[in-house]
Amino acid sequence: MASSTTASQTEQKSARLPLAWRDQCSALLIPLNVCRKEKYYLPWECDHERHTYEKCQHDDLMRRMKQLSKQKVAALEEE
């Protein structure tokens, strides 16, 4: 069940993404890493790709926090 921001297993493997970075935003990390390698990791390059990836990471964190709070509320209601 891959979304537009999740790369497939084969794409992740061919991009040599570490297991820790294979998350919901993996499809955005692949072009970011390509850009970083092409631009020799210059900090002022690849701004758009980095911003897009960091926004995805933030949105994913907020989604997980909402999901956890809903689970906590549901657990308290069961008691």
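On a predicted model such as this, the values are computed, not experimentally measured, just so you know. In what follows, residues are counted from 1 in the order of the sequence shown.
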Once rounded to the nearest 0.5 Å, what's the spacing between atom [atom1] of [X] and atom [atom2] of [Y]?
{"X": "T5", "Y": "Q24", "atom1": "OG1", "atom2": "CD", "result": "6.0 Å"}
{"X": "H58", "Y": "C25", "atom1": "NE2", "atom2": "SG", "result": "11.5 Å"}
{"X": "Q57", "Y": "R50", "atom1": "CD", "atom2": "CZ", "result": "13.5 Å"}
{"X": "T52", "Y": "D47", "atom1": "OG1", "atom2": "CG", "result": "10.0 Å"}

Minimum heavy-atom distance between [X] and [Y], given as atom pair plus value:
{"X": "S26", "Y": "W21", "value": "CB-O, 4.1 Å"}
{"X": "R22", "Y": "K13", "value": "NH2-CA, 3.8 Å"}
{"X": "A7", "Y": "I30", "value": "CB-CD1, 3.8 Å"}
{"X": "R36", "Y": "C46", "value": "N-SG, 3.6 Å"}

Only counting residues at least two apart or in another chain, list the ones meeting salt bridge (charged side-chain N to carboxylate O under 4.0 Å, His left out) with R64. D60
Test salt bridge (charged side-chain N to carboxylate O under 4.0 Å, His left out) applied to D59 - qualifying residues, sequence neighbours left out: K55
Sequence neighbours excluded and cut-off under 3.5 Å, please list the side-chain donor-acceptor pairs for residues 68-79, or say none.
{"unit_1": "S69", "atom_1": "OG", "unit_2": "M65", "atom_2": "O", "d": "3.4"}
{"unit_1": "S69", "atom_1": "OG", "unit_2": "K66", "atom_2": "O", "d": "2.8"}

If you apply the rule side-chain hydrogen bond (donor to acceptor under 3.5 Å, both in side chains), what do you find for Y53 with E49, and how did you get there? CA-CA 6 Å; Y53 176 71; E49 292 88 350; over 6 Å; no
Could you go through the side chain to side chain contact (heavy atoms under 4.5 Å, CB included) check for N33 and L17 one step at a time? CA-CA 9 Å; N33 285 342; L17 285 181; 3.7 Å; yes
Is it true that atom OH of Y40 has more than 12 heavy atoms of other residues, nucleotides or ligands lying nearer than 6.0 Å? no
